[in-house]
Amino acid sequence: MERYNVKETEAKWQKAWADAGTFEVTEDRSKPKYYVLEMFPYPSGRIHMGHVRNYTLGDMVARYKRAKGFNVLHPMGWDAFGLPAENAAFERRVHPDTWTRENIAAMRAQLKVMGLSYDWTREIATCAPEYYKHEQKMFLDFVEAGLAYRKESWVNWDPEENTVLANEQVIDGRGWRSGALVEKRLLSQWFLKITEYAEDLLSAIEGLDRWPDRVRLMQHNWIGRSEGAKVRFELEGRDDALEVFTTRPDTLFGASFCAIAANHPLSSALAADNPDLAAFVAECNRMGTSEVALETAEKRGFDTGLRAVHPLDPTWTVPVYVANFVLMEYGSGAIFGCPAHDQRDLDFARKYGLEVTPVVLPPDADAASFEIGTEAFVGEGTIYNSRFLDGLSVDDAKSRVIDSLEEMASGSREITYRLRDWGVSRQRYWGCPVPMIHCESCGIVPVPEADLPVTLPTDVDFDAPGNPLDNHPTWKHVTCPVCGGHAVRETDTFDTFFESSWYFARFCDAQGETAFDADKANYWLPVDQYIGGIEHAVLHLLYSRFFTRALKRCGYLDLDEPFAGLLTQGMVIHETYKDPDGSWLFPTEVTRAEGGKWVTVDDQRPVVVGRIEKMSKSKRNVVDPEAIIDTYGADTARLFMLSDSPPERDLEWTEAGVEGAWRFVNRLWRMMTDAGNGGGEIGPLGMARPDAVDPSVAEAERAIHKTVKSVAESIERFRFNAAVAQVRELVNTLADVPSTATGSSWLRRFGYETVVRLIEPMTPHLAQELWTRLGGTGMLADVAWPGFDPALVIDDVLTIAVQVNGKTRGTIELPRDAEKDAAEAAALELPGVVRALAGKTPKRVVVVPNRIVNVVG
RNA sequence: GGCCCCGUGGCGGAAUUGGUAGACGCACGCGACUUAAAAUCGCGAGCCUAUGGCGUGGGGGUUCGAGUCCCCCCGGGGCCACCA
């Protein structure tokens, strides 16, 4: 019997698809379009299991939608700028460009072996000038439109990477990649005005109904809308005022101090004449923002000696502090403190002996005796100690006090967002140059469009600290495009999230002279199904949503939301292993000895099996996809990726699970190619259904129709594991039909063909090979998804459960839509029911037609 | 600290969305084939003190009926976090 030659077969069909251009697409307006996109990879050198899962999921959707008659765009490219290339340059003396291109070539070859239905003619790499020249143009358009601007600001500085980080790249006070403690520095940086779209980005989340709730919530929180008031506190003896933001204007009569951030302009001004204050400010800037630092850090303040006048009572003043817990970046960088109803303010007040006046009375408290101890009261209650606000609820007091402030012109309603503008400048080499020129006489001027792209120099030195572009002897020296005098280029490059914020549009017209043709982009976009990791829930997805709006404003396309549907896949996880010395071991270094004990392969030393965790190089719990595909083939790897867990959940990679998938691949092969072993003859191509068939054949025929229906439903709901299970169930059913049954060879033909069409999105090579061997012609990928007969997915006779008081006591067979009386009568005759009733007359019998009978005793 | 998710056999997970809990697979056991093993095929299997009882983390509730809905608790996870 011929064995399934995976390698040969998979290679054969991959070549056939490529030669035939099967997956190349154009804007075919006769079909509905469907754009499937997986988050494109960083070319790190080799694909890992996370990639395999991601692209398998995408290919499942792409091939299914294609079979359903959609014109499917399914492209792939490379997110090719980034720091690792520079690190490689430093460590291995290889140019980032060379390193990146070699990695791309290696990874492309690995992807091609997976049999993914990509239109490779659209492949892009973001490090190519043909790609990034367009984003330089976009940036100039953004500057023109007021969406990009330069400002001096306190930035997060990663001392290890020698670069600025966006807020989103600071995790727990540390650089997201280096892990180094982030410092504050004052630098001139380019920003994109994402805050201008804060409200729009927030309210549009509601319309993203095919996004996971989790991601929508994360974006919601990240934008962080707060409703409150802006309140003016005049400064006694000065002609300026302090502007504070508060979400609790109702507690204004409980104010006992004001506090400003260390970096507040007023702090800086006062510090200029006050060395003690200057020292305090410097100390605040040094303070870490890690979780530990924040929890242990005391609320500290420096009394400026200034007094702020209460906005609702000119005779009332409070002290003004510079405080280490006030953030310049949020609100106005200044607060008023109401210790009774805010924990931080309370801690601060207790430390500096400031007044604590409660102004919100808890519902069951007594006004005469209620006191604040060490915990602030932040709940709902009735306002008191607050003059004209007394007796109001918190909400009523808020709006009432804002009305008064507005009348007196000392405050107004204000909405503040946590979201900050996106700082895009990076002091790195391997990124897209910011196309700007600094001229001493003309200021900052854009590089003329005709001079784009501004390309990176190739002869750079990576050994010196800092930015190689800045260190380069000649690159930055240019003539000013306005006055012709000497000028220098901007030596910063863009944050790499810049490239990934529009690549989905470039795929619509990947080889075009312009960024993309608006007609093509408008045809393909939005991406119908985007698939990738949850780690991009905020950064990449939020930037892309903003970028799309910005591009719309600049006339590039007509679209707000780039991704209509989003699927966030779980991680691929694996057991961890350690040897007796505590060193991590690769899965290939351990094995199961007699008795189930884990030992090392080499010398049989005992192995400690640890937690099941995300695959990571440091813990060595990685499995190389290439080795798996080499052994079992791409189809087996793909099938396992789909079958064990639903996509959003983590998937544990196990050798046994892969073996299971491998067995199924071979089982299908044997079943359909070897009548002797598979159990029965397969009818000839085009064989018609016999008029008379055995009941077992008729039953299996129904199973085929039901499976066609349920597999499609499962795929539509991304329950790929269920879809695989349903196919397996059908295969079991087909195998059980006796070969002697009348109509069995017809059934096999029908059943096998159907199975092959159902598994095409999962295991495309096997499906195509079997399709051809069953007599099918051409590409199975071009064959439509099978249909089903609605009459055959509905059973004529149903098995209905019969319960007594909610406990199942047996089942009855009933024709579909049987009379309630008939169902009741049949149910009451069941021995199990008679026994459970023990001679008692049922009080009531609930009959839900075609569903259930419940006898209430 | 705030907000949000999730707890189903030895394991991954199903369950028509309130209607026979445990599909499908993994692991396991038994049998067939084999000199033997592998592969393959067949059978078995939630648990228990088994013609019955108990079972979806625990407790309560709604309902004829709850894995599914509501309340409380326990456990695990995620995101954000000196955000005024």
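Every chain is numbered from 1 and lettered A, B, ... according to where its sequence line falls, protein lines coming before strand lines.
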**Q** Can you check B:rG52 for me, syn or anti if syn means within 90° of 0?
**A**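 Glycosidic conformation of B:rG52: anti.
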**Q** Show the numbers, then the answer: is there a side chain to side chain contact (heavy atoms under 4.5 Å, CB included) between A:Phe257 and A:Phe336?
**A** CA-CA 6 Å; A:Phe257 66 95; A:Phe336 85 81; over 6 Å; no
**Q** Mind calculating the distance between CG (A:Asn732) and P (B:rU40) to the nearest angstrom?
**A**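 Roughly 14 Å, once rounded to whole Å.
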**Q** Say you draw a straight line from NE2 of A:His536 to OG1 of A:Thr568; how long is it, rounded to the nearest 0.5 Å?
**A**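 The NE2 atom of A:His536 sits 12.5 Å away from the OG1 atom of A:Thr568.
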**Q** Using a 4.0 Å cut-off on protein heavy atoms (strictly under), produce a 5'-to-3' string for nucleotides 60-71 of chain B with B for base contact, S for backbone-only sugar-phosphate contact, and - for none.
**A** ----BS------
**Q** Taking the P atom of each, how far is B:rG31 from B:rG78, in whole Å?
**A**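 The answer is 46 Å between these two P atoms.
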**Q** Determine, stepwise, if the pair A:Phe348 / A:Phe325 fulfils ring-ring contact (aromatic ring centres under 6.0 Å, His included).
**A** CA-CA 10 Å; A:Phe348 189 81; A:Phe325 66 94; 5.5 Å; yes
**Q** Using a strict threshold of under 4.0 Å (side-chain N to carboxylate O), is an ion pair present between A:Glu227 and A:Lys398?
**A** no
**Q** Quick one: side chains of residues 803-810 of chain A, donor-acceptor pairs under 3.5 Å with protein atoms, not counting sequence neighbours, listed by atom name and distance.
**A**
unit_1   : atom_1 : unit_2   : atom_2 : d
A:Asn805 : OD1    : A:Gly857 : N      : 2.9

**Q** Choose from B:rG78, B:rC83, B:rA84 the nucleotide whose nearest atom is closest to any side-chain atom of A:Arg420.
**A** B:rC83
**Q** Name the nucleic acid region contacted by A:Arg344, choosing base, sugar-phosphate or nothing; use a 4.0 angstrom heavy-atom cut-off, strictly under.
**A** base
**Q** Counting side-chain heavy atoms from CB outward, which of B:rU51, B:rA23, B:rG78 is closest to A:Ala725?
**A** B:rA23
**Q** Considering only the P atoms, how many Å lie between B:rG52 and B:rG60, rounded to the nearest integer?
**A** 26 Å
**Q** Report the residue (A:Thr799 or A:Glu729) whose heavy-atom-nearest nucleotide on RNA chain B is the more 5′ of the two.
**A** A:Thr799
**Q** Using heavy atoms to find the nearest nucleotide of RNA chain B for A:Asn221 and A:Arg611 separately, return the residue whose nucleotide is more 5′.
**A**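 Looking at the nearest nucleotide for each, A:Asn221 comes out on the 5' side.
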**Q** Taking A:Asp213 first and then A:Arg216, would you say they form a salt bridge - that is, a charged N and a carboxylate O separated by under 4.0 Å?
**A** yes
**Q** How many whole angstroms separate atom CH2 of A:Trp222 from atom P of B:rC79?
**A** 12 Å
**Q** Classify the nucleic acid contact of A:Val326 as base, sugar-phosphate or nothing, counting any heavy atom under 4.0 Å across all strands shown.
**A** base
**Q** At less than 4.0 Å, is any side-chain N or O atom of A:Arg851 found next to OP1 or OP2 of B:rU20? Yes or no.
**A**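 The answer is no; no side-chain N or O of A:Arg851 sits under 4.0 Å from OP1 or OP2.
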**Q** NA contact type, A:Gly331, heavy-atom cut-off 4.0 Å: base, sugar-phosphate, or nothing?
**A**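 No contact.
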**Q** Flag the pair A:Lys709 and A:Glu713 as a salt bridge only when some basic side-chain nitrogen lies within less than 4.0 angstrom of an acidic carboxylate oxygen.
**A** yes
**Q** Among B:rG19, B:rC79, B:rC82, which is the nearest nucleotide to the side chain of A:Met218?
**A**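 Of the options given, the side chain of A:Met218 lies nearest B:rC79.
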**Q** Which of these nucleotides, B:rA84, B:rC54, B:rC26, is closest to any side-chain atom of A:Tyr330?
**A** B:rA84
**Q** Would you indicate what A:Lys843 reaches in the nucleic acid, counting non-hydrogen atoms under 4.0 angstrom: base, sugar-phosphate, or nothing?
**A** nothing
**Q** Looking at B:rC41, does its base get a donor-acceptor pair with the side chain of A:Arg667 below 3.5 Å?
**A**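 No, the side chain and the base share no sub-3.5 Å donor-acceptor pair.
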**Q** Determine: side-chain N/O of A:Thr808 to OP1/OP2 of B:rA21, distance under 4.0 Å, yes or no.
**A** yes
**Q** Using the criterion of both pairing distances under 3.5 Å for Watson-Crick and G-U wobble pairs, give all stems of 3 or more consecutive pairs involving RNA chain B.
**A** B:1-7 with B:74-80, B:10-12 with B:24-26, B:28-32 with B:40-44, B:46-48 with B:52-54, B:57-61 with B:69-73
**Q** What distance, rounded to whole Å, do you find between the two P atoms, one in B:rC41 and one in B:rG59?
**A** 43 Å
**Q** What residue pairs, at least two apart or across chains, pass salt bridge (charged side-chain N to carboxylate O under 4.0 Å, His left out) with a residue in residues 639-660 of chain A?
**A**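 For residues 639-660 of chain A, and leaving out neighbouring residues, there are no salt bridge (charged side-chain N to carboxylate O under 4.0 Å, His left out) pairs at all.
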**Q** If we take the C1' atom in both B:rA84 and B:rG12, what is their distance in whole Å?
**A** 47 Å
**Q** When you compare the protein's N or O atoms with those of nucleotides 12-15 of chain B, which come within less than 3.5 Å of each other, and at what distance?
**A**
unit_1 : atom_1 : unit_2   : atom_2 : d
B:rG12 : O2'    : A:Asp644 : O      : 2.9
B:rG12 : O2'    : A:Ser645 : OG     : 3.2
B:rG13 : O3'    : A:Asn721 : ND2    : 3.1
B:rA14 : OP1    : A:Arg719 : NH2    : 3.1
B:rA14 : OP1    : A:Asn721 : ND2    : 3.3
B:rA15 : OP2    : A:Arg719 : NH2    : 3.0

**Q** What contact category does A:Leu327 fall into here, base, sugar-phosphate, or nothing, at under 4.0 angstrom with non-hydrogen atoms?
**A** base
**Q** Distance check needed: B:rC24 P versus A:Arg728 CZ, whole Å only.
**A**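 Distance check: A:Arg728 CZ to B:rC24 P gives 11 Å.
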**Q** Side-chain atoms of residues 722-737 of chain A: list all donor-acceptor pairs with protein atoms under 3.5 Å, sequence neighbours left out, distances to 0.1 Å.
**A**
unit_1   : atom_1 : unit_2   : atom_2 : d
A:Gln726 : OE1    : A:Ser714 : OG     : 3.0
A:Gln726 : NE2    : A:Ser714 : OG     : 3.1
A:Asn732 : OD1    : A:Arg667 : NH1    : 2.7
A:Asn732 : OD1    : A:Arg667 : NH2    : 3.2
A:Thr733 : OG1    : A:Glu729 : O      : 3.0

**Q** Could you state the CH2-C1' distance from A:Trp662 to B:rG25, rounded to the nearest angstrom?
**A**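 So the CH2-C1' distance, A:Trp662 to B:rG25, works out to 18 Å.
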**Q** Taking ring pair (Phe, Tyr, Trp, His ring centres under 6.0 Å) as the criterion, tell me which of A:Tyr352, A:Phe302, A:Phe280 meets it with A:Tyr321.
**A**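 The ring pair (Phe, Tyr, Trp, His ring centres under 6.0 Å) with A:Tyr321 is passed solely by A:Tyr352 among A:Tyr352, A:Phe302, A:Phe280.
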**Q** Round to the nearest Å and state the distance from A:Asp213 atom CG to B:rC3 atom C1'.
**A** 14 Å
**Q** For B:rA23 versus B:rA32, give the span between their P atoms, rounded off to a whole number of Å.
**A**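 Their P atoms lie roughly 27 Å apart.
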**Q** Please find out if less than 6.0 Å separates the ring center of A:Trp653 from that of A:Phe640.
**A** yes
**Q** Establish, with yes or no, whether the OP1 or OP2 oxygen of B:rA84 is under 4.0 angstrom from a side-chain nitrogen or oxygen of A:Ser226.
**A**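 Looking at the OP1 and OP2 atoms of B:rA84, one of them is under 4.0 Å from a side-chain N or O of A:Ser226.
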**Q** Between B:rA84, B:rU20, B:rC54, which nucleotide gets closest to the side-chain atoms of A:Ile335?
**A**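 Nearest listed nucleotide: B:rA84.
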**Q** I need the CG-C1' distance between A:Leu758 and B:rC24, as an integer number of Å.
**A** 15 Å
**Q** Can you tell me how far C1' in B:rC24 sits from the matching atom in B:rG77, rounded to whole Å?
**A** 27 Å
**Q** Taking it one step at a time, do A:Arg611 and A:Glu575 satisfy salt bridge (Lys or Arg N to Asp or Glu O under 4.0 Å)?
**A** CA-CA 6 Å; A:Arg611 288 180 45 176; A:Glu575 268 182 340; over 6 Å; no
**Q** In this structure, how many angstroms lie between the P atom of B:rC26 and the CZ atom of A:Arg663, rounded?
**A** 5 Å
**Q** How far, in whole Å, is B:rG19 from B:rG13 if one measures between their P atoms?
**A**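 Looking at atom P only, B:rG13 and B:rG19 are 22 Å apart.
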**Q** Taking the C1' atom in each of B:rG9 and B:rA27, what is the distance between them to the nearest angstrom?
**A**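 Roughly 12 Å separates the two C1' atoms.
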**Q** Using atom CZ of A:Arg809 as one end and atom C1' of B:rU51 as the other, report the distance to the nearest whole Å.
**A**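 Computing the A:Arg809:CZ to B:rU51:C1' distance gives 12 Å.
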**Q** Just verifying a value: how many Å separate A:Arg638 CZ and A:Thr636 OG1, rounded to the nearest 0.5 Å?
**A**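 Reported to 0.5 Å precision, the distance equals 11.0 Å.
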**Q** Please determine whether a side-chain nitrogen of the Lys or Arg among A:Asp345 and A:Arg350 lies less than 4.0 Å from a carboxylate oxygen of the Asp or Glu.
**A** no
